[in-house]
Chemist: 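Attaching a single structure in C-alpha cells format; questions to follow.
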Amino acid sequence: MRRSNLALVLRHLRDAGPRSRAGIAAETGLNKATVSSLVAELVERGLAREGELDRAGAVGRPGTIVKLDGRAVGGVGVEVNVDYLTALALDLTGTVLFEQRIPLDVQALPPAKVFDATAELAARAVRECRRLRVKPVGLTLAVPALVDVKAGAVAFAPNLHWTDVPVVAGLTERLTKRLGRLDFPVRMANDANLGALGEHAMGSVAGTADLVYLTGEIGVGGGVISGGRLLGGAEGFSGEIGHIQLDPNGRRCGCGRKGCWETIVGLAGMLRLAAEPNDPVHDPSLDLEQRLDMLRRRAELKDRRTLDALAKVGTGLGVGAAVLVNVFNPRVVLLGGYFAQLGPYLLGPMMAELEARVVAPDIGGCRVELSWLGFSAASRGGAHVALEAVFDDPARVASAGERDSG
C-alpha cells in the first residue's frame with residue numbers, strides 16, 4: 001500500500017504541479033499525516049524537494065511547496081531512423097540533460113555498424129547524465145519497425161531493410177563495452193508509438209485524450225492515443241499506418257507492396273517530386289533539418305516545382321488522414337517529423353481533403369496541429385517511457401541512507 005501511495009503522490013506532483021502537503025492531501029484523498037510521511041520519503045529518495053512557502057490563500061501558518069526534484073534520476077531515449085540517429089536524456093521534471101542528432105545513412109550500413117554508431121551516441125547521453133550526478137534508470141530505443149518487444153528484436157523494418165534483427169542484444173553488448181556493467185534496462189519500441197507518447201506527455205497538445213500522431217520521415221508512422229492510452233495492438237505491432245494501401249497500381253513500397261501511403265507522402269516521395277536525384281536535398285550526409293530548410297527557402301521564393309510537390313503531398317496526407325479520422329474520431333491530428341517542418345505548405349490541401357472525405361460534420365470536431373517537438377518526439381517518448389518505471393514504483397530509487405550503506 002505504501003509503495004502505491006508513494007507512486008500516487010509522485011504522479012500527482014508531475015501531473016498537477018508543485019503543491020503544499022495540504023493541497024496534495026485534499027486532491028489525492030490521503031490524510032495529511034500520510035502525505036507528510038510520503039513526501040519525506042520522496043525527498044529522502046531525491047525524487048521531490050521542498051521549496052518556498054505557500055502563502056496563497058493561507059490561513060494561519062503557511063505550508064511548504066513540494067515539487068519534483070530532477071537531480072536524482074533520468075531517462076534516455078534513442079532513435080534510429082533511416083538517415084539519422086538521435087539521443088536525448090530527460091530528468092524527472094522533463095528537463096533536457098542531453099540532446100544530439102547525427103546524420104547517418106542507415107540503409108547503406110549493416111546492422112552491426114548501425115549498432116556501433118548508436119551505442120556511441122547513447123553512451124554520450126549516459127555519460128552526461130552521470131557527469132551531472134543523475135542516475136539513468138532506463139534507455140528506450142525507437143525504431144521505425146514492427147518490434148517484437150519481448151525478444152528485443154526488429155521483426156520487420158522495410159525502410160531499414162532489417163528482418164529479425166536482435167537489436168537490444170546488439171546495443172546492450174556495445175554499451176557494456178563502453179560503459180561497463182549496465183545498471184539500467186535497455187528496451188525498444190516502435191518510433192511512432194513513442195512519438196505519440198512523447199507528444200501526449202510533453203508536446204504542444206499534451207494531455208489530449210484522443211490524439212492521432214502522424215510523423216513524416218522516409219516512411220510514415222502513426223501513433224493513436226484513445227481515452228488517454230496508447231493503442232499498442234494485440235501483439236504490439238501498431239503504428240505502421242504508412243502501409244495503408246491507397247493506390248494498388250502505385251509505386252512499389254519498401255515493404256514489397258504497391259501504393260502504400262508512405263510512397264505518396266513519405267519524405268522520399270516528397271523529395272522525388274521536389275528535386276532531381278543529384279540535388280543536395282537528397283544527400284543523407286547532410287542533417288535532415290538543413291535539407292528541409294533548403295526546401296522551405298525554395299517554397300518561400302515561390303519555386304513552382306517545390307510548391308507543386310508540397311501541394312501534392314498535402315493532398316495525399318489529407319486522403320490518408322481522413323481514413324484515420326473516420327475510424328478513431330480524434331480531437332487532434334498532430335503532424336510531426338517533416339510534416340511539421342513544412343506544415344504551412346501542407347495544411348491547406350490537407351484540410352480540403354479532410355473536409356471532403358470525413359463523414360462526420362465539421363471533421364468530427366477534429367483539428368490539425370503542428371508538433372513543436374520536431375524530430376525529437378520519439379526520443380523524448382523513449383526517455384519518458386524509461387522514467388515511467390520510477391513513477392510506477394518510486395521505491396526502486398535508493399534513499400540517501402541506502403546509497404550510503406551500499
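Nothing fancy with the numbering, it's 1 onward along the sequence.
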Chemist: One thing to verify: whether Arg174 and Asp116 come together as a salt bridge, which I'm taking to mean a side-chain N less than 4.0 angstrom from a carboxylate O.
Modeler: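 Arg174 and Asp116: salt-bridged.
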Chemist: Kindly give the heavy-atom pair with the smallest separation between Phe339 and Leu370, and that separation in Å.
Modeler: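 Between these two residues, the closest heavy atoms are O-CD2, 4.2 Å.
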Chemist: Less than 4.5 Å apart, side chain to side chain, heavy atoms only: is that true for Val106 and Trp162?
Modeler: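 Contact flag for Val106/Trp162 side chains = yes.
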Chemist: Does any part of the side chain of Thr140, heavy atoms only, come nearer than 4.5 Å to the side chain of Val76, both counted from C-beta?
Modeler: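 Val76 vs Thr140: side chains apart.
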Chemist: Would you say that Val143 contacts Met188 through its side chain, given a criterion of any heavy-atom pair below 4.5 Å between the two side chains?
Modeler: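 Touching, per the 4.5 Å side-chain cut-off.
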Chemist: Look up atom OG in Ser238 and atom CG in Leu146, then write down how far apart they are to the nearest 0.5 Å.
Modeler: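 One finds 9.5 Å between OG of Ser238 and CG of Leu146.
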Chemist: Check whether any side-chain heavy atom of Leu307 sits under 4.5 Å from a side-chain heavy atom of Arg298, and report yes or no.
Modeler: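 Leu307 vs Arg298: side chains apart.
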Chemist: Contact between Leu90 and Met202 at the side-chain level, heavy atoms closer than 4.5 Å - yes or no?
Modeler: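 Side chain of Leu90 against side chain of Met202, heavy atoms only: contact under 4.5 Å found.
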Chemist: So how far is it from Thr34 OG1 to Leu8 CG, rounded to the nearest 0.5 Å?
Modeler: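 Answer rounded to 0.5 Å: 11.0 Å.
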Chemist: If you measure from the Lys or Arg side-chain nitrogens to the Asp or Glu carboxylate oxygens, is any gap between Arg296 and Glu300 under 4.0 Å?
Modeler: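 Result for this pair is no, no salt bridge flagged.
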Chemist: What's the verdict on side-chain contact (heavy atoms from CB on, under 4.5 Å) for Leu230 and Ile225, showing C-alpha distance, side-chain angles and the deciding distance?
Modeler: CA-CA 4 Å; Leu230 177 72; Ile225 303 289; 4.1 Å; yes
Chemist: Does this structure show an ion pair linking Glu120 with Lys177, if we count only N-O contacts that are shorter than 4.0 Å?
Modeler: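 Salt bridge between Glu120 and Lys177, a charged N being under 4.0 Å from a carboxylate O: no.
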Chemist: Verify, without hydrogens or angle tests, whether Asp83 (side chain) and Pro284 (backbone) share a donor-acceptor contact under 3.5 angstrom.
Modeler: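 No: the side chain of Asp83 does not pair with the backbone of Pro284.
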Chemist: Applying ring-ring contact (aromatic ring centres under 6.0 Å, His included) as the test, list every pair that has at least one member in residues 341-386; sequence neighbours left out.
Modeler: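 Sorted pair list: Tyr84-Phe375.
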Chemist: For a side chain to side chain donor-acceptor pair (under 3.5 Å) check, start with the C-alpha distance between Arg101 and Ser376, then their side-chain angles and the critical distance, and finish with the verdict.
Modeler: CA-CA 9 Å; Arg101 185 178 66 246; Ser376 74; over 6 Å; no
Chemist: Do the non-hydrogen side-chain atoms of Leu271 and Arg291 ever get within less than 4.5 Å of each other?
Modeler: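 Yes, side chains in contact.
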Chemist: Search all heavy atoms of Ala122 against all heavy atoms of Leu175 and return the closest pair with its distance.
Modeler: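 In terms of heavy atoms, the two residues are closest at CB-CD2, 3.9 Å.
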Chemist: Atom CZ of Arg130 and atom CG of Leu179: how far apart are they, to the nearest 0.5 Å?
Modeler: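 Going from the CZ atom of Arg130 to the CG atom of Leu179 covers 5.0 Å.
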Chemist: I need the minimum non-hydrogen distance between Leu68 and Leu92, along with the two atoms involved.
Modeler: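 Scanning both residues, the minimum pair turns out to be CD1-O, 3.7 Å.
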Chemist: Are Ile24 and Leu30 close enough that some pair of their side-chain heavy atoms sits under 4.5 Å apart?
Modeler: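 A side-chain contact is absent here, since even the closest heavy-atom pair is not under 4.5 Å.
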Chemist: Considering all heavy atoms of both residues, which atom of Leu324 and which atom of Pro330 are nearest to each other, and what is their separation?
Modeler: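 Between these two residues, the closest heavy atoms are O-CD, 4.4 Å.
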Chemist: For the residue pair Gln245 / Arg257, report whether a side-chain donor-acceptor contact shorter than 3.5 Å exists.
Modeler: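 The answer is no; no qualifying pair exists.
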Chemist: If you count every heavy atom of other residues, nucleotides or ligands that lies below 6.0 Å from Arg251 atom CZ, does the total exceed 12?
Modeler: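 No, not enclosed.
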Chemist: Distance from Leu335 atom CG to Leu342 atom CG, nearest 0.5 Å?
Modeler: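 Here the interatomic distance stands at 11.0 Å.
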Chemist: Which is it for Arg380 and Val96 under the side-chain contact (heavy atoms from CB on, under 4.5 Å) test, yes or no, and what are the steps along the way?
Modeler: CA-CA 9 Å; Arg380 281 179 182 264; Val96 176; 3.6 Å; yes
Chemist: Do any N or O atoms from the side chain of His200 and from the backbone of Ala209 form a donor-acceptor pair under 3.5 angstrom?
Modeler: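 It does not hold such a pair.
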Chemist: Salt-bridged, Glu41 to Arg45, with N to O below 4.0 Å?
Modeler: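 Salt bridge: yes.
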Chemist: Between OG of Ser379 and CG of Leu141, what distance do you get to the nearest 0.5 Å?
Modeler: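 That separation rounds to 11.0 Å.
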Chemist: Evaluate side-chain contact (heavy atoms from CB on, under 4.5 Å) for Leu132 paired with Asp91, printing each intermediate quantity in order.
Modeler: CA-CA 10 Å; Leu132 296 170; Asp91 70 14; over 6 Å; no
Chemist: At their closest point, which heavy atom of His243 faces which heavy atom of Pro158, and how far apart are they?
Modeler: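 Residues His243 and Pro158, closest heavy atoms: NE2-CG, 3.7 Å.
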Chemist: Looking only at the side chains, is there a donor atom on one of Asn159 and Glu217 sitting less than 3.5 Å from an acceptor on the other?
Modeler: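 No donor-acceptor contact under 3.5 Å links the two side chains.
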Chemist: Could you walk me through whether Gln107 and His161 pass the side-chain contact (heavy atoms from CB on, under 4.5 Å) test, one step at a time?
Modeler: CA-CA 7 Å; Gln107 288 180 321; His161 309 312; 3.8 Å; yes
Chemist: Is the shortest side-chain N to carboxylate O distance from Arg331 to Asp210 below 4.0 Å?
Modeler: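 Salt bridge absent between Arg331 and Asp210.
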Chemist: State which residue, out of Val220, Asn190, Leu160, fulfils the side-chain contact (heavy atoms from CB on, under 4.5 Å) condition with Pro144.
Modeler: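 Of Val220, Asn190, Leu160, side-chain contact (heavy atoms from CB on, under 4.5 Å) with Pro144 is met by Leu160 alone.
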Chemist: Return yes when atom CZ of Arg187 has more than 12 non-hydrogen atoms of other residues, nucleotides or ligands closer than 6.0 Å, and no otherwise.
Modeler: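 Open.
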Chemist: Quick one: NZ on Lys67 to CG on Leu42, what's the gap to the nearest 0.5 Å?
Modeler: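 Going from NZ on Lys67 over to CG on Leu42, the span is 15.5 Å.
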Chemist: Quick one: are Arg19 and Val66 in side-chain contact, heavy atoms under 4.5 Å?
Modeler: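 No - every pair of side-chain heavy atoms lies 4.5 Å or more apart.
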Chemist: Closest approach of Ala322 and Arg357, non-hydrogen atoms and distance?
Modeler: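 Nearest heavy atoms, Ala322 then Arg357: CB-CB, 3.6 Å.
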Chemist: Strictly distance-based, threshold 3.5 Å: is any side-chain N or O of Trp261 a donor or acceptor partner for the main-chain N or O of Gly316?
Modeler: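 Indeed, once roles are kept as given, a pair shorter than 3.5 Å links the two residues.
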Chemist: For atom CG of Asp362, decide whether the heavy atoms of other residues, nucleotides or ligands shown that lie under 6.0 angstrom number more than 12.
Modeler: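 Open: at most 12 neighbouring heavy atoms sit under 6.0 Å from CG of Asp362.
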